[in-house]
There are 2 protein chains.
Amino acid sequence: MARTTGSHSDITGPKVREAALRLFAQNGFAAVSMRAIASEVGVQAGALYNYTPDKQTLLFNLLCTHMEQLLAAFTDDTSLAPVDRLRRFVDFHIRFHADRPDEVFISYMELRNLSPENFSAVEALRRQYEDRLQAILQSGADAGEFDIADTKIATLAVIAMLTGVNTWFRVGGRLSLDQVIAQYWDMVRKSVMSG
Amino acid sequence: MARTTGSHSDITGPKVREAALRLFAQNGFAAVSMRAIASEVGVQAGALYNYTPDKQTLLFNLLCTHMEQLLAAFTDDTSLAPVDRLRRFVDFHIRFHADRPDEVFISYMELRNLSPENFSAVEALRRQYEDRLQAILQSGADAGEFDIADTKIATLAVIAMLTGVNTWFRVGGRLSLDQVIAQYWDMVRKSVMSG
DNA sequence: GTCTATAGAGAGATAGAC
DNA sequence: GTCTATCTCTCTATAGAC
């Protein structure tokens, strides 16, 4: 017979983060109460404070972990031609984000609910990721293979376009992820290529 | 000497909407109290209910008004060549959105705080706007001037890219709006053009 | 039309028993 | 580690005076 009280730190901890992630993505950070998270996990509200000092830190850890996994998952290969490095980035970005819709959603929607210090930390990680794409675009521009007026703007334009996939793509929809990636790659490639 | 009580419906009404818009954009719908809005306007919380039946309707009216103004402001000209219609759309979209950062922000961030019926109404308006761009892309594809695998995806990709300008553009920054529009137009044009 | 006052619900976080 | 109970605060919305 299952206990209803006792030690469960190794399973409850992850469950708290999973429940918070899902509820924050669904209803928004401010609209989700600690009681709602606890209810999803199957504990009382007070028990959550064994796993996070407060609600703010819970959000910060979710966003930070997501950005760190993003940075860890993408490895550029500078020995490739710029166009191939760009193709790898596009493929990676769409796949990685399509796999984690909740993480991506709160990473864009809940930034303003971070304390100023926590916001700066997450922004720094995001900036690191953007810099990797900018380096690829700059290498192609330097080699004369790309025609880009301003690589920083092009970086932001491409990332906005690719991340937009998450607002509408659903597995089992009209198009497969491979088809989606193929079209986005075609558009991105043409948008930066020199005539 | 100014009265502190009395009739001010013609000035208080707009002030309520302006204050709500600014505060919702800054702090998020769920995080903004009716007291905070009232304080910004210079009245007590109870007085707000002369202008809106509730907080939800206040948000809905802001989003609805924005989408209706967007639809009213853009007029396509089907007598032009597809590439010129597209150029006009890109120019219009970036300018219109750059002028209304708060409206654009809440239109993307606060959709989930709408009631289901209100959400459907706003979504229908957004869909109308997307359809106008899709019609342009389709006309160019039909004429063989554009090379687009799927015009619906291309529509969403272009809009995501263009709307992304709002996340970083600031008047008085490194680049003028005209320079920004020039580069985005270059990228959009190339991304849909055939060989 | 605006005020003051308040009803009624729900929030984040903590204390102490087990 | 989890529970129950609770402190303290804030919220939306309404009622009735002016």
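A note on names: the letters A, B, ... follow the listed sequences, proteins ahead of strands, and every chain is numbered from 1.
- Taking only side-chain atoms of B:Lys55, from C-beta outward, the nucleotide of D:dT2, D:dA13, C:dT2 with the closest atom is D:dA13.
- Checking D:dT2, C:dT2, D:dT14 against every side-chain atom of B:Tyr49, the shortest atom distance belongs to D:dT14.
- Going from atom CG of A:Leu58 over to atom P of C:dG12 covers 11 Å, rounded to whole Å.
- Taking atom CG of A:Leu59 as the reference point, atom P of C:dG12 lies 13 Å away to the nearest angstrom.
- B:Ile37 has its CD1 atom 17 Å from the P atom of D:dT10, to the nearest Å.
- When the P atom of C:dT2 is taken as reference, atom CE of B:Met34 falls 13 Å away, rounded to whole Å.
- The interatomic distance linking B:Leu48 (CG) with C:dG1 (C1') rounds to 12 Å, in whole Å.
- With a 4.5 Å cut-off on side-chain heavy atoms, A:His66 and A:Leu125 do not count as touching.
- In this structure, B:Gln134 and B:Lys152 have side chains that are in contact, with non-hydrogen atoms separated by less than 4.5 Å.
- The residue B:Val41 sits apart from the nucleic acid: no heavy atom pair falls under 4.0 Å.
- Contact check, B:Tyr51 against C:dT2: a side-chain N or O comes under 4.0 Å of OP1 or OP2.
- Among A:Asp84, A:Leu133, A:Ile94, the single residue meeting the side chain to side chain contact (heavy atoms under 4.5 Å, CB included) criterion with A:Phe89 is A:Leu133.
- Distances shorter than 4.0 Å separate none of the side-chain N or O atoms of B:Ser33 from OP1 or OP2 on D:dT10.
- Rounded to whole Å, atom C1' of D:dT2 lies 7 Å from atom CG of A:Asn50.
- Between A:Thr12 and D:dG1, a side-chain N or O to OP1/OP2 separation shorter than 4.0 Å is absent.
- Mapping B:Ala45 and A:Gln44 onto DNA chain D by nearest heavy atom places A:Gln44 at the nucleotide closer to the 5' end.
- For the pair A:Arg88 and A:Phe92, the cation does not sit on the ring face, since its NZ or CZ is not both under 6.0 Å from the ring centre and inside 45° of the axis.
- The base of C:dG10 has none of its N or O atoms less than 3.5 Å from a complementary donor or acceptor on the side chain of A:Arg35.
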